[in-house]
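Below is one structure; the comments refer to it alone.
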Amino acid sequence: MYITPLVTTILFTLIHGIFSKSVELTFELPDSAVECFFQDIEKNTSAALEYQVITGGQYDVDVKIEGPNKQIIYQQQKMQYDSHQFTAQQTGIYKVCFSNEFSTFSHKLVYMELNVGPEKPLPGVGEHATVLTQLETSAEEIHSALNRIIDHQTHHRLREAQGRKRAEDLNERVFWWSMGETLAIVCVTFAQVMVLKNFFSDRPTVYNRM
């Protein structure tokens with residue numbers, strides 16, 4: 001079977017997107033817990049961290065980025081979402097920590113994406129000094145469009161998951177509030193019946209006894 005050059009370029013684009021040097025994951029953060037992730041970054045390499053709390057509590061978490069010499073590069077407390085870009089000042093292991101120690105009961109779900117270094121060029125594109133052909137230009141445009149689509153889909157999924165969780169929490173609160181109101185109405189009705197029953201009960205009075 002003959003594969004056209006355009007199909008080959010698109011396949012290279014998809015493979016490149018899969019094996020690009022980035023970390024994207026969603027993880028559970030229990031109450032009173034800390035989760036740390038480690039990444040080896042070379043000196044003068046740019047990196048970008050983006051995170052968002054999807055579910056749990058007040059949708060907040062403590063975040064810290066620590067360098068090889070324990071220097072604090074980025075630190076925020078009780079953040080719902082944020083992004084931070086930095087350039088490594090030295091080669092070594094960089095640590096990204098998410099803390100939920102301030103929460104005693106809230107179990108949280110956190111999304112994190114860490115991109116390290118510039119995006120690598122497509123295979124076969126940019127390896128020569130001549131002007132890019134129309135096919136190579138189209139491949140780069142397709143690659144950029146796919147990356148934008150992936151970013152938009154990720155953010156839409158996060159917003160959808162967060163909105164669904166908020167709706168479920170609100171529905172649960174309305175349910176328990178309705179149950180409380182129903183119980184209160186039953187109690188008041190029973191009390192009113194007992195009071196009315198006492199009004200019409202045949203009890204001997206002082207006048208009747210005389």
Side-chain angles (χ1 to χ4, degrees), residues 17-18 22-39 47-66 72-86 95-115 145-208:
I18 295 174
S22 63
V23 177
E24 182 179 5
L25 54 88
T26 302
F27 62 95
E28 295 182 354
L29 186 61
D31 51 277
S32 303
V34 178
E35 292 287 346
C36 293
F37 303 91
F38 302 87
Q39 178 67 46
L49 171 69
E50 183 178 0
Y51 62 89
Q52 179 177 340
V53 181
I54 302 175
T55 62
Q58 300 297 323
Y59 301 89
D60 52 0
V61 70
D62 294 344
V63 185
K64 180 174 66 175
I65 302 177
E66 196 174 283
I72 304 300
I73 300 175
Y74 170 83
Q75 186 173 15
Q76 293 291 338
Q77 294 182 345
K78 295 185 178 181
M79 296 292 293
Q80 295 183 352
Y81 59 89
D82 196 13
S83 60
H84 179 71
Q85 296 182 352
F86 64 95
K95 181 170 65 173
V96 181
C97 291
F98 296 86
S99 174
N100 194 29
E101 292 179 312
F102 59 87
S103 179
T104 308
F105 303 102
S106 299
H107 184 92
K108 297 175 181 178
L109 191 66
V110 183
Y111 165 82
M112 180 197 74
E113 181 179 5
L114 179 62
N115 295 314
L146 288 175
N147 286 336
R148 289 194 299 270
I149 290 173
I150 291 173
D151 291 338
H152 286 308
Q153 287 179 338
T154 299
H155 287 92
H156 281 300
R157 283 197 300 267
L158 292 175
R159 284 194 291 267
E160 188 272 336
Q162 192 177 64
R164 184 176 65 251
K165 181 60 178 177
R166 289 181 184 271
E168 291 175 353
D169 292 341
L170 180 60
N171 180 66
E172 184 178 359
R173 292 179 183 179
V174 171
F175 171 77
W176 288 113
W177 179 263
S178 301
M179 292 294 294
E181 284 187 334
T182 303
L183 182 61
I185 291 173
V186 172
C187 293
V188 170
T189 302
F190 180 76
Q192 289 178 342
V193 170
M194 294 301 297
V195 171
L196 291 175
K197 185 178 179 181
N198 291 332
F199 284 164
F200 294 98
S201 61
D202 187 12
R203 293 182 177 180
T205 61
V206 177
Y207 178 78
N208 291 332

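Along the sequence shown, the residues carry numbers beginning at 1.
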What pair of heavy atoms forms the shortest contact from [X] to [Y], and how long is it?
X      : Y      : value
Glu35  : Glu28  : CG-O, 4.2 Å
Asp82  : Gln76  : OD2-CG, 4.4 Å
Lys64  : Ile72  : CD-CD1, 3.5 Å
Met112 : Phe37  : SD-CD1, 4.0 Å
Gly56  : Ser106 : C-CB, 4.5 Å
Lys108 : Ser103 : NZ-CB, 4.5 Å

[X] [atom1] to [Y] [atom2] distance, which is reported to the nearest 0.5 Å:
X      : Y      : atom1 : atom2 : result
Leu114 : Leu25  : CG    : CG    : 9.5 Å
Gln52  : Ser83  : CD    : OG    : 11.0 Å
Ile54  : Arg164 : CD1   : CZ    : 9.5 Å
Met179 : Phe175 : CE    : CZ    : 5.0 Å

request  = Dump the intermediate steps for side-chain contact (heavy atoms from CB on, under 4.5 Å) on Thr26 and Leu109, then the final yes or no.
outcome  = CA-CA 7 Å; Thr26 302; Leu109 191 66; 3.8 Å; yes
Parallel, tilted or perpendicular: ring planes of Phe98 versus Tyr51, cut at 30 and 60 degrees: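 Rings of Phe98 and Tyr51: perpendicular, as their planes differ by over 60°.
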State whether the number of non-hydrogen atoms from other residues, nucleotides or ligands found under 6.0 Å of Gln77 atom CD is greater than 12.
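No - once you tally the heavy atoms of other residues, nucleotides and ligands closer than 6.0 Å, there are 12 at most.
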Hey, is OH on Tyr81 packed in by over 12 heavy atoms from elsewhere, all under 6.0 Å?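 No, the 6.0 Å shell around OH holds no more than 12 heavy atoms from other groups.
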What pairs meet the salt bridge (charged side-chain N to carboxylate O under 4.0 Å, His left out) rule with one or both residues in residues 167-186, with sequence neighbours excluded?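 Non-adjacent pairs meeting salt bridge (charged side-chain N to carboxylate O under 4.0 Å, His left out): Lys165-Asp169.
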Taking Met79's backbone N and O only, do any of them form a donor-acceptor pair with Asp60's side chain (distance below 3.5 Å, no angle check)?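 No; judged by distance alone, with no hydrogens or angles, the pair does not exist.
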Item to complete: State which residues pass side-chain hydrogen bond (donor to acceptor under 3.5 Å, both in side chains) with Glu66; sequence neighbours excluded, sorted by chain then number.
Response: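 Testing Glu66 for side-chain hydrogen bond (donor to acceptor under 3.5 Å, both in side chains), a comparison that skips the adjacent residues, returns none.
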Under a 3.5 Å threshold, yes or no: a donor from one side chain and an acceptor from the other, between Tyr111 and Glu24?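 Tyr111 vs Glu24: donor-acceptor pair found between side chains.
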_Under the rule for salt bridge (Lys or Arg N to Asp or Glu O under 4.0 Å), what residues qualify as partners of Asp31, not counting sequence neighbours?_
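Once residues adjacent in sequence are excluded, Asp31 has no partner under the salt bridge (Lys or Arg N to Asp or Glu O under 4.0 Å) criterion.
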* Asked: What's the verdict on side-chain contact (heavy atoms from CB on, under 4.5 Å) for Leu49 and Val63, showing C-alpha distance, side-chain angles and the deciding distance?
  -> CA-CA 10 Å; Leu49 171 69; Val63 185; 4.2 Å; yes
